[in-house]
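Everything below concerns the one structure shown next.
A quick note: this is a predicted structure, and the numbers were derived from the prediction, not measured. Letters A, B, ... mirror the listed sequences (proteins, then strands); counts begin at 1.
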Amino acid sequence: MSFERPKELLKPVRRRFIYTTFALAVLLELIPLPDFIVGWLPDFIGMLILYWVINQPRRISVGAAFAFGLIADMATAGLFGQHALAYSITAYLALLRQRQLVMFNLGQQALSVLGLMMANQIIMVVARMMTGSAFAGWSYFLPPLTSAILWPLLTKLLLLPYRHHNV
Amino acid sequence: MDFANNPSFIRQGPRPGTRLAAAVLTSVLLLIGDSQYGLMDKAREALSVVFYPLQRAVNLPITAARHVDDFFTTQTNLKAENEAMRSQHLAMAARLARLETLEQDYAALRRLNQLKSMRQDAGGLAEILYTGRDPFSYKIIIDKGEDAHLRAGQPVVDDQGLIGQITRVQPLTAEVTLVIDKTLMVPVMVQRNGIRAVLYGYGGGVEARYLPVHSDVRTGDLLVTSGIDGLYPAGIPVAQVGRVERNPDAAFIRLNSMPVAGVQHGRYVLVLNEKTNVPARPPEPVVPVKPKSKPSSDDSE
């Protein structure tokens, strides 16, 4: 097992920082953007939930995922509970394998994130189709791809404030 | 597993599986409630109020950018718009002018139509095509001719009075000699007292000649056709007496009069039919006389 991430000592993560990142993600969801960009845009709230579940499982777990899912439902004007359902299930799945995931390097993590985000979308599609909506098209599964591609960047970005020195 | 004396960092609340079950149950209930019964509409409304300022805040940079963009593009837009407006204004002015002409035409046509329905001898409406080219004769060309069964000799009026007489008929047009032409003479009488006279055109105006000095004619008298010829129906206004000159040296009055009809303007005329119940013409005299003038028996009384 190769450790691309140096085993460095990080400052303890503050609760305030976690909630700030979530607030920023909600704001990003609210930005009005042209349709062709929105189709590619990763699900920031879902990515953050996975990140914090993997890296801070004692702070953010199924309950928080459920709560932020409800907020995401509000922000995206979707059906009430669809994001909550998907996020709590994927958060649980990530939590089951959390000790393994946190040891992965960024590439492996990105792959598992791809799978988890895909599961997110599948759950939401099933939920929507069960409640009578039409299939939204295969482009609905594009955001997990961009999420996986952006995962290393997100990790680096969120680690930045917690390094002791800018190495 | 969960003991009362556990340190706080070990106490983690319910197990993840339990939490997941609760979360999934709640989500499914929410989904069903929202999609089937619309239970969440109220909550959604309330939360949207909470979200509204956030949305506005996020939108703020974008709307600001749009405002700035608007400010700079509108300069050119305004110029272009201004130009378009100006040309449109010109076009509208032209259209308005045409509309006014049309309205005048319409009013004239209405009056003529009224006249036509009042008179039994009315022939047909005609439009003036152009005026004759000859500057010495006063003639107009109308757009009806043999096709409308016009004949030379028919009187032509407008809504004010007599204009002239048809003197030549072509297949599709007819030539009308105006009362102010010097070859046209109209037997008239003073409407007020019935004094008869002959009205001569003299090229640009009319005058009644051969009235004795003592005749009772005043400025403002209306001269109407007397109807004692074979052409003009009686009572059509022809001219108004302008200036009366009584010169003791001369045997006759000089009467300057103005035609009342729109002889030199207007666009539509009415062609009247000739009088029908007239006695047969007397045999043609040996000495040639001017056509269409019958100056007999209306000098004075």
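Using a 4.5 Å cut-off between heavy atoms, A:Ile71 touches chain B through backbone and side chain atoms alike. Residue contact with chain B, scored on non-hydrogen atoms closer than 4.5 Å, involves the backbone and the side chain of A:Leu27 alike.
The two residues A:Leu85 and B:Val24 make their nearest non-hydrogen contact at CD1-CG1, 3.7 Å. B:Arg19 and A:Ser61 make their closest contact through NH1-OG, 2.6 Å (heavy atoms, listed as atom of the first residue, atom of the second, distance). The nearest pair of heavy atoms linking A:Phe66 to B:Ser27 is CE1-OG, 3.1 Å.
Across B:Thr26, B:Val28, B:Leu25, the residue that shares the most heavy-atom pairs under 4.5 angstrom with chain A is B:Thr26. Of the residues considered (B:Ala22, B:Ala57, B:Pro61, B:Ala23), B:Ala23 shows the highest number of contacts with chain A, using heavy-atom pairs under 4.5 Å.
From B:Leu30, atom CG reaches atom CG of A:Leu70 across 6.0 Å, with rounding to the nearest 0.5 Å. Rounded to the nearest 0.5 angstrom, B:Thr18 OG1 and A:Tyr92 OH are separated by 8.5 Å. Note that the CZ atom of A:Arg128 and the CG atom of B:Leu31 stand 9.0 Å from one another [nearest 0.5 Å].
Residues forming a side-chain hydrogen bond (donor to acceptor under 3.5 Å, both in side chains) with A:Ser147 (at least two apart in sequence, or on another chain): none.
Counting non-hydrogen atoms of other residues, nucleotides and ligands closer than 6.0 Å to CZ of A:Arg59 gives a total above 12.
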